[in-house]
Each structure stands twice: as structure tokens, then as C-alpha cells.
Amino acid sequence: MCGILALFGLPAAEAVRKEVVEAAKLIRHRGPDWSGVYCEGSTIIAHERLAIVDPDSGDQPLFNKAKDIVLGVNGEIYNYIELQENLEQRAPGKHQFITKSDCEVLLHLYAEDGLEFLDKNEVCGMFAFVIWDKRSDTYIVARDSVGIIPLYIGWGADGSVRVASELKALHNTCERYELFPPGHIFDSKSGQRRMFYTPKWMEPTPMPTEEIALLTLRDAFETAVTSHMMSDVPYGVLLSGGLDSSLVASIMSRHIKNSSGGGNPAAWPQLHSFCTGLEGSPDLKAAADVAKYLGTTHHEYVFTVQEGLDAIPDVIYHLETFDVTTVRAATPMYLMARRIRATGVKMVLSGEGADEIFGGYLYFHKAPNPEEFHAENVRKLKQLHLYDCLRANKSMMAWGVEARVPFLDRRFMEVSMGFDPQQKMCVDKDGKPRMEKWVLRKAFDLPGNRAYLPESVLWRQKEQFSDGVGYSWIDSIQAHAGQIITDQQMKTADNRFPVKTPRTKEAYMIRQFFAQRFGENGAAAQTVGWQDSIACSSEVALKWDKDFQGRADASGRSVLGIHSAAYDTAYKTASQSSGATEESGPDAKKARTA
């Protein structure tokens, strides 16, 4: 993971080199290990590197042997070895790899396949990159299909096109700028921006109808997690004690133990896990229990409400958003990232994406049928780049720590979004209630010494991260906002902020901090993903239950009648016992022989 700032179409690149180097320093937190600059003719590519794979020779920008193709990339290509091998089979001896970087393969795929290289090759990873081709005087910009990695594009007064990992590198130098959309590639030769990969899950119809065997789902996720563990530096896992992060930690721990002696040299003898929260928070206790069960070396970081409040302005600067739920959840993550970096860890795996794929948010209990459940899954996934992916990436990269998200692996998403959503629903076919994300829990619900997690963790209900770190966290932010934002300010909020007007004092406070850095209603405000109330306040969710109408509290606690405090033991028992077995679905024979 790194930071990139690229300028194309300059009258004279050398004349603005110093200016670009200074602007790149604004994103150096993303890549504190080394800086590289390509500057020639009309093009500058500045790169701030976080060295994780091939730290010795993988400095960027990267070049082909002739040095007439230049690559600047922020991300990881998890199947780079497979892509290299396929390339060698297609063009034996043609492509000479200069480094051991996982990203260099992109350069050679482009050299071989041209502008269609992302269409023709199954590139599995998280990435945002630029390529400059001196041979054809062409540049390319692309971003991964989910938008795990942030990317912005802007236009300078000198006619140049400018691309950056964070908008702060563009804010003072561009006449206008915008988000570069996920899953798209732009090439200057055609002047067109198009999607290079359209997954089947991208549209809600036709809805998948084929059931999946639990073993198939489990195997697919194990493969995703282990592929994300590639590293030449020490790594760990973010562990909240909830289902998603605990499954990631369990698989990582198993893989490290099974590969001891011949595994990844960057892996410590024991997996290191990290958790944060207020004193006595739900996550701290749950994470400690999971860490003890898995045998990880566990790091528990307690922060105070005041420390969190003090950090909010800096969090907003790094996030480049004023979305309330994102800021709430990002603040503890931002504080934790600083502590993680102090241990020497540069990379962690995290559980983002599971709730969108499997309907883990508590309002999914209200989904009336599989069609609407699946449509909401799709809607949430298509917005991840504005919220959870942005939070995980920017809050961690503020301190030079890379967060990888195996639930959003390209191949795993094709599997997990490709089966009958009835298996994901919070009621079985007979209408009996069951826990959210039931199919994922059941896929990893194995007996005895085959167990991935203790039952109390496997069937622990969803907590929003901002709730799990301590219920008083949200209350304290709201109380603090109430002290510094007046009723008069709220009455005139639509005058000061006509673009995405804040409706609560908390939202006004956050927006005010954002405005101090990026202006009140300009281009920066237009790039921000913004949810007027709860994350589920779409028209779909409002149809599901009128109680969602008009609510301004985005905490999962406020979904009354659904949270664990509101349902009894009989409900939990039904959740665990109802529905399919490991041997259900089209791969039943394979499952029975596992």
C-alpha cells in the first residue's frame, strides 16, 4: 500500500517538479518507507512507498526493461505469481521481471495485452494505479472493482490531468476534482472511461437461485484469507471479537501453525492480534476471549473518550469525509493504527465486507423476501468505497499500516454473491427466525477439535464497530457536539451547508471540522459519500419497516426488537438449529466426504 500523485499533459514537467514533490508529502503517511519520482516531458509520477512485498527492490515507479513504460501503483496483487506464470506460457521469455514486486506484473500484462489487459486477465487484488506509455504518448488510470483503494482525479488550470490517492494532494492545485469510480479504467488515447470487469453481482437481477454447500463457502473464504497473507514484513489481524474478524483470525492462525518451518518468513511464530476500545467495552472482552482460544499474541489498546474527541479533527482530515457513522467508527481505528505501527507491524487483515455480502446489519432482519434482501446486498456493496473501505484504508494508512480485506476478494465475492440469498436471510424457508449471517456462521460451525471458534463467538450478534468499542463512545460524541454547536447554528444549517446539510449537532460539528480543511460546499464536499441518517435508510429499508423513517441515530442499538438485548434464548436456539446442513446444496457429495 502506498500513495501516488501523477500529473499528465503538463507543458513542462520539470518546471513543476518541486511543486509536485511538496504535494506528494501531503500523502507521505501512506508510504513512509521511500519516495520515488519519475519526471520527463509532460509527465510526473510521484510515489510514496509502504514496503510490504519485496522491500529491497520494489521501489516505485516501476519500469519495463526498455524504460518506456512507467507504472505507479497503490495496492496488492494477490495472484501475481499465477499471472506471471500464465504470461510466461503465452509469451515464453518475452517479459523480463526486474523486481519481485507483486505489482510489476501489471506493467507486463499491459505490454502484452494493451489497453484490454484488465479485461483479458483475472487480476485479483486491491489497487489504484497509473501507467505512462512513452511509446504511444498514452496514460492509463484504473481502480479495483470494489474501490478498496481510494483514488481521485482532477484537472489543473494548465490543462493537466492529475491523479492522487487522497484528495488533499489535489485540493489546492485543481480547478475541479472528483472520485475516480471503482472498477473503471481510463485511457487518454480514447479519452474514455469504462468498466473493465462487470461481476455478476453488480446488478440485483437476475437473482441467483442455486444453493451452495457450506463446505464450498468455507473453502472459498479460507482461500481468500490465505491469499491475503502474502508479505515480507511482520503482519497481524484486527480482532474485535465479532464473527467476521474472528473468522479471519482463526484461519490465519491455522495457516501459520500448519505452515511452520516452511511458511511465510514474515509470519511470527504466533499470530499477533489487535483490538481497541473504551475501558470495559464489549469488543475488548470478546476479543480477549477469542485470542485466548486461538492462542494469538494479543494487544489490547484502551483509549479514553477525551483521547477520541481530541483525535476527531485529525481523523476527518485523513478520511476526507464528513459522514457521521464513518467518523465514529474510524476514530478508534485511527488511534489503534498508531499503536500497531509502534509494534513494527505494517499490514493487518480485517473483516470489512462481510455485513454487506451476508446481510449482517440488523435491519436485514426486516427483509421481506430473498429478492429484496439480495438487492440490498448489491446496493451496499456498490457503496462500500464511500464508507467502510474508505474508513479501513484511510484511518489505518494515516499511520502507514495497510488493511487487507479478504471478504472483498474478487473470487470470494463471485462465490458468496452467487448463491440463493434465501440461505442468507434471517428466517428460514419455514419462517423460523435465525441469526443474521446464518449461512456464514453455519459454514464454520464444526464440532470438537475441528472447531474454528467457540460457539459463544460464532453465534455472537453483530455490533457496529462504533458501538463495540464502548457504548458510551457515541453518546460522548453527541454530548460534546451539543456543547459546541448551538441551536441557532442548527436553524441556519441549510444556509451554511446547502450541499448535504447536516441534520444533527454531531453531524454539524463533523462537517465544520471538514470545512476548516477542505472548504464548505466546494468540490471536496461533492466527493463525500454521505448518509442522512442510519446506514440502512434507503428506500428499500424504509419499505421493510416504517420504524426506520426519520431516525437520526445510526447506532445498531437503535434497531429495537432485533439486537440481542431484545430477543430470548429460544430465538438464539432456533438460529443455530434451523435450515441447511453442511451437506446441503449442489456440492453435497463433496461435503459429505470432507
Side-chain angles (χ1 to χ4, degrees), residues 146 198-221 243-244 247 353-384 388 407-408 411-445 459 461-462 534-548 556 559 561-563 567 571-572 574-588 591:
V146 177
T198 306
K200 292 180 180 179
W201 58 261
M202 188 62 74
E203 298 299 330
T205 57
M207 184 191 79
T209 57
E210 186 174 341
E211 287 193 355
I212 191 171
L214 299 179
L215 177 60
T216 301
L217 182 61
R218 186 170 71 244
D219 284 350
F221 188 57
L243 174 68
D244 311 329
L247 284 178
D355 290 318
E356 287 73 18
I357 293 171
F358 294 99
Y361 296 108
L362 298 184
Y363 74 94
F364 274 92
H365 282 260
K366 304 289 188 176
N369 54 61
E371 290 80 10
E372 293 190 47
F373 190 104
H374 181 68
E376 185 68 351
N377 288 149
V378 172
R379 186 189 75 86
K380 297 289 285 184
L381 284 169
K382 291 168 77 171
Q383 291 188 341
L384 267 177
D388 287 29
F407 278 106
L408 299 178
R411 288 171 176 168
F412 178 71
M413 290 185 71
E414 290 172 352
V415 171
S416 59
M417 288 296 291
F419 64 88
D420 188 350
Q422 175 62 56
Q423 290 181 277
K424 300 179 182 179
M425 289 191 69
C426 304
V427 293
D428 65 14
K429 290 181 179 179
D430 297 324
K432 295 179 181 178
R434 59 190 184 189
M435 189 79 78
E436 68 277 352
K437 292 187 287 194
W438 176 86
V439 69
L440 179 63
R441 299 175 195 271
K442 198 66 179 174
F444 287 89
D445 191 1
W459 296 96
Q461 192 171 32
K462 164 72 179 174
I534 193 170
C536 68
S537 63
S538 65
E539 293 180 4
V540 172
L542 293 175
K543 280 198 313 182
W544 293 352
D545 194 314
K546 61 182 178 59
D547 288 341
F548 291 122
V559 188
I562 294 175
H563 198 265
Y567 65 82
Y571 183 101
K572 294 181 182 178
S575 298
Q576 296 177 35
S577 62
S578 64
T581 66
E582 184 172 352
E583 289 75 24
S584 65
D587 297 326

Quiz item: Has the side chain of Gln423 got a donor or acceptor atom that lies under 3.5 Å from a matching backbone atom of Ile212?
Solution: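 Yes: the side chain of Gln423 pairs with the backbone of Ile212.
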
Quiz item: Is there a donor-acceptor pair under 3.5 Å between the side chain of Arg441 and the backbone N or O of Glu436?
Solution: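 It does hold such a pair.
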
Quiz item: How about Tyr361 and Glu376: does a side-chain donor come under 3.5 Å of a side-chain acceptor?
Solution: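 Short answer, no.
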
Exercise. Indicate yes or no: does Lys200 engage Glu210 in a salt bridge with an N to O separation below 4.0 Å.
Key: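 The answer is no: the pair does not qualify as a salt bridge.
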
Quiz item: Under a 4.0 Å N-O cut-off, is there an ion pair linking Arg379 with Glu356?
Solution: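 Between Glu356 and Arg379 there is no salt bridge, as every charged N stays at least 4.0 Å from the carboxylate O atoms.
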
Practice problem: Sequence neighbours left out, what passes side chain to side chain donor-acceptor pair (under 3.5 Å) with Glu414? Give chain and number order. | Solution: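 Per chain and number, Glu414 pairs via side chain to side chain donor-acceptor pair (under 3.5 Å) with Tyr197.
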
Quiz item: Lys382 and Glu203: salt bridge (Lys or Arg N to Asp or Glu O under 4.0 Å), yes or no, with the steps?
Solution: CA-CA 10 Å; Lys382 291 168 77 171; Glu203 298 299 330; 3.8 Å; yes

In Å and rounded to the nearest 0.5 Å, what is the [atom1] to [atom2] distance from [X] to [Y]?
X	Y	atom1	atom2	answer
Met435	Leu440	CE	CG	12.5 Å
Phe373	Lys424	CZ	NZ	7.0 Å
Phe407	Asp244	CZ	CG	4.5 Å
Gln422	Glu371	CD	CD	9.0 Å

Quiz item: Hey, what's the ring geometry for Phe358 with Phe412, parallel, tilted or perpendicular (30° and 60° as the breaks)?
Solution: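 Tilted, since the angle between the ring planes falls between 30° and 60°.
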
